[in-house]
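A quick write-up on the structure given underneath.
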There are 2 protein chains.
Amino acid sequence: MEQRIELAVSTVIFALRPHPVSGRDTLWLPLVRRIREPFLGRWALPGGPLEPAEDLAASARTTLRRTTGLEPSHLEQLYSFGGIDRSPDRVVSIVYWALVRPDEDARAIDGENVEWFVADEVPDLAFDHNDIVEYALRRLRAKITYSDIAHAFTGEEFTIAQLREVHEAVRQVRLDPANFRRQTLANPRIVPTGRHLTGTSHRPPALYRLETP
Amino acid sequence: MEQRIELAVSTVIFALRPHPVSGRDTLWLPLVRRIREPFLGRWALPGGPLEPAEDLAASARTTLRRTTGLEPSHLEQLYSFGGIDRSPDRVVSIVYWALVRPDEDARAIDGENVEWFVADEVPDLAFDHNDIVEYALRRLRAKITYSDIAHAFTGEEFTIAQLREVHEAVRQVRLDPANFRRQTLANPRIVPTGRHLTGTSHRPPALYRLETP
DNA sequence: GCAAAAGTGTTTCAATTACACCCATGT
DNA sequence: ACATGGGTGTAATTGAAACACTTTTGC
């Protein structure tokens, strides 16, 4: 008698929203309340079984649309978890993590049993999902320092300060505006659009965009 | 009617051996000749179906022992591949990569239909395994620059030159011995054992070991 | 004019690189 | 003694960090 191994795809979805207490931008993520055993009633990462006709990334996208109604601006495989003690029945989870833009985020329509939490303050989750969230956070915070993923949180056009605020929110640090500006503009792919952001109560900052090579 | 999704674990196994032409140390990996369709007769990464009672990493270890007869000094998950066009039947592969020590490597007994190849000169492989090997090589070469995995290629005790030769072999570069030495010894976890390597035709180099914290 | 953030300049400090030179051993 | 790699010293270059200062807008 052969035991069946379940194959599921889950996604850690990050968005930037103001922290309920401090008001400063922080990472949030949506969780889904389980309506079945095991872990009935507990919060868990959105996900579902892998459909035979569906790509791994496509499956993550489907989950993302179902829970947030949005397209991810960044989607990346995180890790595959297959410990034999993760769940009463053997299940291997391929986990993705995704970033969604705050401007689109406003348009988000949460599905049933979906609720957003501050990423660093999630409750006790089902399965090993607390470990997974922690791992995803570490990866995001590491990767933003050496890659372009911060732009997945900005619009097409952005000011240097907006980009800096993304870094500050994700990494939970304060960065020197002058030095950040220089280091950012050292990247030749970041070019000024010529336009400026208006409506600020001070000097209007220049708008830039990321050249797609 | 439900289509079954196969779940397999494959491993890219690296060892350092002298290059057949240049004689300098290079990365090698073992491949297995397929004895079944699809891709019958083609070389492929060692691997097999995931057993219900087996951990993902344990499955990789089993494969490693079967093909090389050795224990890995380093084993790490690489990526999971699940494209719907990878194979006629739908198969999701969770791929690991492993490093084995050269001293142990000498003890290796190759299984049937197993042959070692220079990692940068592998033939046309089955499935998408050429892509996977390339990806594993990139990861290894990137990771050796910021982590301790080089030690997975040295013995318990090592000279600074031996460690440098590992870096040079993996990254295919020449490194300044003086600077490499300083940067290496800047790591407080690398401590002298007090012993020296004898039998060289020149000044006997000091032996070090990596403190396990 | 004043506040506030944009944007520029400058000084300091640490890390990397290149390379000259001395040391200890086998032959 | 001399060839060879081990090991040390040091000047030049680069980049990160800290911070003073000027600019441009809304009010």
Side-chain angles (χ1 to χ4, degrees), chain A residues 18 22-25 141-148 150 154-155 157-210, chain B residues 16 18 22-25 141-142 144-148 150-151 154-155 157-169 171-210:
Chain A
S22 73
R24 295 187 55 74
D25 270 1
R141 284 173 172 150
K143 185 150 190 173
I144 202 175
T145 64
Y146 64 85
S147 80
D148 281 330
T154 69
E157 300 200 343
F158 51 88
T159 68
I160 302 296
Q162 283 166 359
L163 194 61
R164 175 169 50 81
E165 280 152 17
V166 169
H167 275 87
E168 293 181 336
V170 170
R171 294 173 45 201
Q172 301 178 295
V173 291
R174 298 305 229 106
L175 299 172
D176 182 302
N179 292 331
F180 181 84
R181 173 188 184 75
R182 255 187 302 265
Q183 289 162 14
T184 301
L185 294 182
N187 179 353
R189 291 177 54 213
I190 291 183
V191 292
T193 64
R195 280 186 288 283
H196 289 256
L197 184 67
T198 55
T200 62
S201 69
H202 55 276
R203 176 174 175 175
L207 285 164
Y208 296 81
R209 106 197 123 70
L210 181 65
Chain B
L16 284 182
S22 72
R24 296 186 54 74
D25 269 1
R141 284 174 171 149
I144 202 174
T145 64
Y146 64 84
S147 80
D148 281 330
H151 295 281
T154 69
E157 300 201 343
F158 52 88
T159 70
I160 303 296
Q162 284 168 358
L163 194 60
R164 174 168 51 80
E165 279 151 18
V166 170
H167 274 87
E168 293 181 335
R171 294 172 45 198
Q172 301 179 295
V173 292
R174 297 307 226 104
L175 299 171
D176 183 304
N179 293 331
F180 180 85
R181 173 186 185 76
R182 256 187 301 266
Q183 288 161 15
T184 301
L185 294 181
N187 179 353
R189 291 177 53 213
I190 292 184
V191 292
T193 64
R195 280 185 289 281
H196 289 256
L197 184 67
T198 55
T200 62
S201 70
H202 54 276
R203 173 172 176 176
L207 286 165
Y208 296 82
R209 107 196 121 69
L210 181 65

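What you see is a predicted model, and the numbers here were worked out from it, not measured in a lab. Reminder, nothing fancy here: chain letters follow the sequence lines and each chain counts from 1.
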**Prompt:** OP1 or OP2 of dG6(D) less than 4.0 angstrom from a side-chain nitrogen or oxygen of Arg181(B), does that happen here?
**Reply:** no
**Complete:** Taken to the nearest 0.5 Å, the spacing of Gln183(B) CD from Asp176(B) CG works out to 9.0 Å
**Item:** Atom pair CZ (Arg24(B)) and CD (Glu168(B)), whose distance is rounded to the nearest 0.5 Å
**Value:** 6.0 Å
**Request:** Find the distance between OG1 (Thr154(A)) and CD1 (Ile160(A)) and round it off to the nearest 0.5 Å.
**Result:** 10.0 Å
**Message:** Using 0.5 Å steps for rounding, measure from the CZ atom of Arg174(B) to the CD atom of Glu165(B).
**Reply:** 9.0 Å
**Length of the line joining Gln183(B):CD and dG7(D):C1', which is rounded to integer Å** = 15 Å
**Request:** Could you state the atom-to-atom distance from CG of Leu197(A) to C1' of dT24(D) in whole Å?
**Result:** 14 Å
**Fill in**
Residues Pro18(A) and Asp25(A): closest non-hydrogen pair is N-OD1, 3.6 Å
**Request:** Compare the minimum distances between each of dT25(D), dA24(C), dC19(D) and the side chain of Pro204(B), then state the nucleotide with the smallest one.
**Result:** dA24(C)
**Request:** Looking only at side-chain atoms of His202(A), point me to the closest of dT16(C), dA5(C), dG6(D).
**Result:** dA5(C)
**Prompt:** Heavy atoms under 4.0 Å, any strand shown: does Ala178(A) hit a base, just sugar-phosphate, or nothing?
**Reply:** base
**Spacing of Leu175(B) atom CG relative to dT16(C) atom C1', expressed in whole Å** = 13 Å
**Fill in**
Taking for Leu185(A) and for Ser201(A) the nucleotide of DNA chain C with the nearest heavy atom, the one nearer the 5' end belongs to Ser201(A)
**Prompt:** Thr159(B) near the nucleic acid: base, sugar-phosphate alone, or nothing, with a heavy-atom cut-off under 4.0 Å?
**Reply:** nothing
**Asked** What is the minimum heavy-atom distance between Ile190(A) and Leu210(A), and which atoms define it?
**Response** CG1-CD1, 3.9 Å
**Prompt:** Which comes earlier along DNA chain C counting from the 5' end, the contact point of Gly199(B) or that of Arg203(B), where each point is its nearest nucleotide?
**Reply:** Arg203(B)
**Asked** Separation of Leu163(B) atom CG from dG7(D) atom P, in whole Å?
**Response** 13 Å
**Shortest non-hydrogen contact between Pro205(B) and Thr159(B), atoms and distance** = CG-CG2, 3.8 Å
**Asked** Among the nucleotides dC19(C), dG7(D), dT16(C), which one has an atom lying closest to any side-chain atom of Ala206(B)?
**Response** dG7(D)
**Request:** Mind checking Thr198(B) for me? I need base, sugar-phosphate or nothing, with any heavy atom below 4.0 Å counting as a touch.
**Result:** nothing
**Asked** Any N or O donor-acceptor pair linking the side chain of Arg182(B) to the base of dG7(D) at under 3.5 Å?
**Response** no
**Complete:** Within residues 164-174 of chain A, the residues having a heavy atom closer than 4.0 Å to DNA chain D are none
**Prompt:** Asn179(B) side chain: which of dG7(D), dT8(C), dA18(C) is closest?
**Reply:** dA18(C)
**Asked** So which one's nearest nucleotide on DNA chain D is more toward 5', Asp176(A) or Pro177(B)?
**Response** Pro177(B)
**Asked** Once you round it to whole Å, what is the distance between C1' of dT8(D) and CD1 of Ile160(B)?
**Response** 14 Å
